[in-house]
Amino acid sequence: MTRTDSQLPSGYPLVRGRRNRCSPSRRAMLAEHRLHPSDFIAPLFIAEGKGVQDPIPSMPDYHRLSLDLAVRKAASWHQMGIPAVLLFVMVPEEKKDNEGTEALNPDGLMQMAVKRIKDTVPGLTVMTDVALDPYSSYGHDGIVQDGEIVNDESVDVLARMAVNHARAGADYVAPSDMMDGRIGEIRRALEADGHPGTGILAYSAKYASGFYGPFRDALDSAPGFGDKKTYQMDPANVREAVREAQMDEAEGADIVMVKPGLPYLDVVRAVREAVHVPVAVYNVSGEYAMIKAAAQMGWLDEEAAMMESLLACKRAGADVIATYWAEKAVALLNES
Ligand code: PBG
């Protein structure tokens, strides 16, 4: 006798979704996505000085660390199984100018940080932020001329900055500036200076977002005039993000990134389906602050909201997640 449709289970009561959810072991076996310590990039904010551990008021439990403590932190993250750190530096006001001169100082804080961390924890992947904003007297990601952020002159400095970081030993440079053409120029500059193995983590679809506020507090890097809408992307757009990611892939990006995370998971999915390089997502400072604040008010369960956010990033298609939760999430993952 041939099977007919009428002999197949066809909906309730034969078909019951709860069968697959009824025990922890079934749920564990059938989970479509899971978090692992190797999914994370942990951002590290570095400040001048010694023994410095400055709290960042809008980012509870996150600190700016001087290099001695930052190296220790990096070592402990490596030991927990976190594969990578993303370095940002806080630059004192007197070292800021329009051209980002301090960014090219071979003995600058970023360069020293890369060297010290690679020396002490060689197995940890070190990524460096490449943009002018922490070094800029205007708080913009590029050079300002007549009130405008000029593209090609900025790209020139960014490429030199990337080479500088590669010379210090950076494994990946991470341009977060959104200037046009910088990935290709950085790739060419790295090759020309003899760094074929230094990767580029491109902030390909970085939006002009309201969720960066706490980060700008952390680095004292808020724009001094205007906003970043002439270079960062319009939150209304998704096709444009795909185009940016494809251009960066073609220019030689090794990883493309979407930023922020949770409000842009549709963009993560679209980019995932359009490129063949790994896709990262940046779960940004404002996303962290929202959960922290609600948890402090007793309105949200911090751990549950954190893990759900991170898992959502993976479900959307991210291969790797830059997040201020890295340490806490990995500690939880290692416990279970
Ligand atoms: C600056 C930069 C920013 C972030 C990373 N790199 C802020 C900005 O563009 O103003 C934001 C990260 C965060 O909010 O966690 N190049």
Side-chain angles (χ1 to χ4, degrees), residues 40-46 56-64 84-91 96 100 102-103 110 127-144 149 151 154-155 157-158 161-162 165 172-179 182-183 186 200-235 244 255-264 280-293 306 309-310 313 320-327:
F40 299 103
I41 298 172
L44 191 47
F45 295 134
I46 302 171
I56 302 158
S58 49
M59 299 181 71
D61 300 330
Y62 227 76
H63 299 87
R64 271 189 310 260
V85 284
L86 178 56
L87 307 184
F88 297 94
V89 292
M90 160 104 160
V91 181
K96 296 186 184 187
E102 176 62 16
M110 177 64 93
M127 304 172 148
T128 58
D129 185 63
V130 173
L132 289 191
D133 52 319
Y135 300 95
S136 160
S137 38
Y138 293 107
H140 275 289
D141 291 32
I143 295 173
V144 177
I149 292 77
N151 194 84
S154 300
V155 169
V157 181
L158 295 165
M161 196 173 165
H165 294 178
Y172 286 81
V173 292
S176 65
D177 53 285
M178 289 301 281
M179 298 298 125
R182 89 277 207 218
I183 301 304
I186 288 174
I200 302 176
L201 164 64
Y203 287 67
S204 299
K206 177 173 177 179
Y207 287 86
S209 169
F211 290 96
Y212 306 150
F215 173 96
R216 294 174 187 173
D217 293 343
L219 293 190
D220 181 29
S221 64
F225 69 89
D227 52 41
K228 298 190 173 185
K229 291 181 182 168
T230 68
Y231 45 106
Q232 297 181 347
M233 277 185 49
D234 183 344
E244 289 281 358
I255 306 171
V256 296
M257 186 150 74
V258 174
K259 178 184 177 182
L262 284 189
Y264 295 87
V281 64
Y282 201 141
N283 174 236
V284 300
S285 59
E287 301 174 62
Y288 175 85
M290 284 197 296
I291 291 178
K292 277 285 181 188
M306 163 183 83
S309 303
L310 299 172
C313 291
V320 52
I321 309 168
T323 177
Y324 304 99
W325 299 113
E327 179 175 332

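Numbering of ligands and ligand atoms starts at 1, following listing order. All values below were derived from every heavy atom in this structure, side-chain atoms included, with hydrogens, water molecules and symmetry-related copies excluded.
A salt bridge is absent between Asp133 and Arg216; no separation between the charged side-chain nitrogens and carboxylate oxygens falls under 4.0 Å. A salt bridge is absent between Asp234 and Lys229: the closest approach of a Lys/Arg side-chain nitrogen to an acidic carboxylate oxygen does not fall below 4.0 angstrom.
Regarding atom 16 (N) of ligand 1, its nearest protein heavy-atom neighbour is Ser176 OG, 2.7 Å. With hydrogens left out, the protein atom closest to atom 8 (C) of ligand 1 is Lys228 NZ, 3.2 Å, a heavy atom. Scanning the protein heavy atoms around atom 14 (O) of ligand 1, the nearest turns out to be Ser285 OG, 2.7 Å. When hydrogens are left out, the protein atom nearest atom 2 (C) of ligand 1 is Lys206 NZ, 3.1 Å; that is the closest non-hydrogen contact.
The Asp141 neighbourhood of ligand 1 comprises atoms 1 (C), 16 (N), with distances under 4.0 Å to a heavy atom of that residue. Residue Arg216 has at least one heavy-atom neighbour below 4.0 Å for each of these atoms of ligand 1: 8 (C), 10 (O).
With Tyr212 as the aromatic partner, Lys228 does not meet the cation-pi criteria of under 6.0 angstrom to the ring centre and within 45 degrees of the ring axis.
At least one heavy atom of Lys259 sits less than 4.0 Å from an atom of ligand 1. Within the structure, ligand 1 lacks Tyr288 among the residues with a heavy atom less than 4.0 angstrom away.
Side chain of Ser176 to backbone of Tyr203: no donor-acceptor contact under 3.5 angstrom is found. Although no hydrogens or angles enter the test, the distance criterion places no donor-acceptor pair under 3.5 Å between the side chain of Tyr324 and the main chain of Asp61. Of the possible donor and acceptor atoms, one in the side chain of Arg64 sits under 3.5 Å from a partner among the backbone N and O of Ala218. With Arg182 contributing its side chain and Pro175 its backbone, the two residues share a donor-acceptor pair below 3.5 Å.
In this comparison of Phe215, Tyr324, Tyr212, the heavy atom closest to atom 15 (O) of ligand 1 sits on Tyr324.
The proximity of Ala131 to ligand 1, defined as any non-hydrogen pair under 4.0 Å, is limited to the side chain. At a heavy-atom cutoff of 4.0 Å, ligand 1 is contacted by no atom of Asp177, backbone or side chain.
Heavy-atom minimum distance, Asp141 versus Leu158: O-CD2, 4.4 Å.
Polar contact with ligand 1: present for Asp133 (N/O pair, distance under 3.5 Å).
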